[in-house]
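What you see below is based on every heavy atom in this structure, not just the backbone, and it leaves out hydrogens, waters and symmetry mates. Positions are given from 1 along the sequence.
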Amino acid sequence: MITTFELRVKEEDIDRLGHVNYNKYISYSEEALGDWYKKTENDWREMAERSFGTVVVNLNVSYIKEARLGEILNIVTTPLQLGTKSFVFKQEIYNEQEEKITEITKKFVMFDLSTRKGITVLDSIAMHFR
């Protein structure tokens, strides 16, 4: 399932150079990923109650163009690759002119919170990669 999440750049997102601070793009991507989980009915709280979670094992960010105060950004989250214990998302951030300004890939490992080890990706997540 591919999702799109919209947000507006706030004043606290801006750095001394007058554009969005590089760390904020990662926060934006996390908000959009939370939206993906919600839309696919995968609640992280419910997973945690069942002693499951995910951990980021690889993060790659390409900053292409700056974003500025007040701009509306759209973050497209695409399930990219499914492994046995891991999965990869691609996220692209677009500005109001529909120009790609950032590209992010994140690799996650499904994690058993009690044993602290990787486990097979839950079917409720894996089904959205097929």
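- Across every non-hydrogen atom of Asp123 and Arg130, the tightest pair is OD1-NH2, 4.4 Å.
- Residues Met110 and Phe52 have side chains in contact (heavy-atom distance under 4.5 Å, counting atoms from C-beta outward).
- For the pair Glu92 and Lys90, the minimum side-chain heavy-atom distance is below 4.5 Å.
- Between Asn21 and Ile14 the shortest side-chain heavy-atom distance does not fall below 4.5 Å.
- By the 4.5 Å heavy-atom criterion applied to side chains, Ser51 and Asp112 are counted as neighbours.
- In this structure, the separation between CG on Asn95 and OG1 on Thr102 is 9.5 Å, given to the nearest 0.5 Å.
- Under a 4.5 Å side-chain heavy-atom cut-off, the cluster of Ile, Leu, Val, Met, Phe, Trp and Tyr residues that includes Val109 is completed by Val55, Val57, Phe111, Leu113.
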What side-chain donor-acceptor pairs closer than 3.5 Å can you find for residues 71-82, not counting sequence neighbours?
from  : atom 1 : to    : atom 2 : distance (Å)
Glu71 : OE1    : Arg68 : N      : 2.6
Thr77 : OG1    : Gln91 : NE2    : 3.0

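- Considering all non-hydrogen atoms of both residues, Val20 and Lys24 come closest at CG1-CB, 3.6 Å.
- Taking all atoms of both residues into account, the shortest heavy-atom contact from Glu66 to His19 is OE1-ND1, 2.8 Å.
- A heavy-atom distance below 4.5 Å is found between the side chains of Phe129 and Phe89.
- Applying salt bridge (charged side-chain N to carboxylate O under 4.0 Å, His left out) to Lys65 and the options Glu96, Glu99, Glu103 leaves one that passes, Glu99.
- Under the 4.5 Å side-chain contact rule for hydrophobic residues, Ile64 and Val9 do not share a cluster.
- Here the CG-CD1 distance, from Leu33 to Ile26, works out to 13.0 Å after rounding to the nearest 0.5 Å.
- Within the structure, side chain to side chain donor-acceptor pair (under 3.5 Å) pairs that include any residue of residues 28-43 comprise Asp13-Tyr28, Ser29-Lys106, Glu30-Lys106, Asp35-Lys39, Thr40-Asn42, Asn42-Ser124 (at least two apart or interchain).
- Linking ILVMFWY residues whenever their side-chain heavy atoms come closer than 4.5 Å, directly or via other members, places Trp44 and Leu59 in the same cluster.
- Rounded to the nearest 0.5 Å, atoms OG1 (Thr120) and NZ (Lys85) are 6.5 Å apart.
- Two residues are said to be in side-chain contact when any heavy atoms from C-beta on lie closer than 4.5 Å; Tyr22 and Val61 fail this criterion.
- Within 6.0 Å of CD in Glu12 there are more than 12 heavy atoms belonging to other residues, nucleotides or ligands.
- Tyr94 and Ile2 fall within the same hydrophobic cluster, defined by Ile, Leu, Val, Met, Phe, Trp and Tyr side-chain heavy atoms under 4.5 Å apart, directly or through other members.
- Rounding to the nearest 0.5 Å places CD1 of Ile93 at 11.0 Å from OG of Ser62.
- Counting non-hydrogen atoms of neighbouring residues, nucleotides and ligands closer than 6.0 angstrom, the CD atom of Glu98 reaches no more than 12 such neighbours.
- Among all heavy-atom pairs drawn from Ile101 and Ala67, the shortest one is CD1-CB, 3.7 Å.
- A heavy-atom distance below 4.5 Å is found between the side chains of Phe87 and Ile125.
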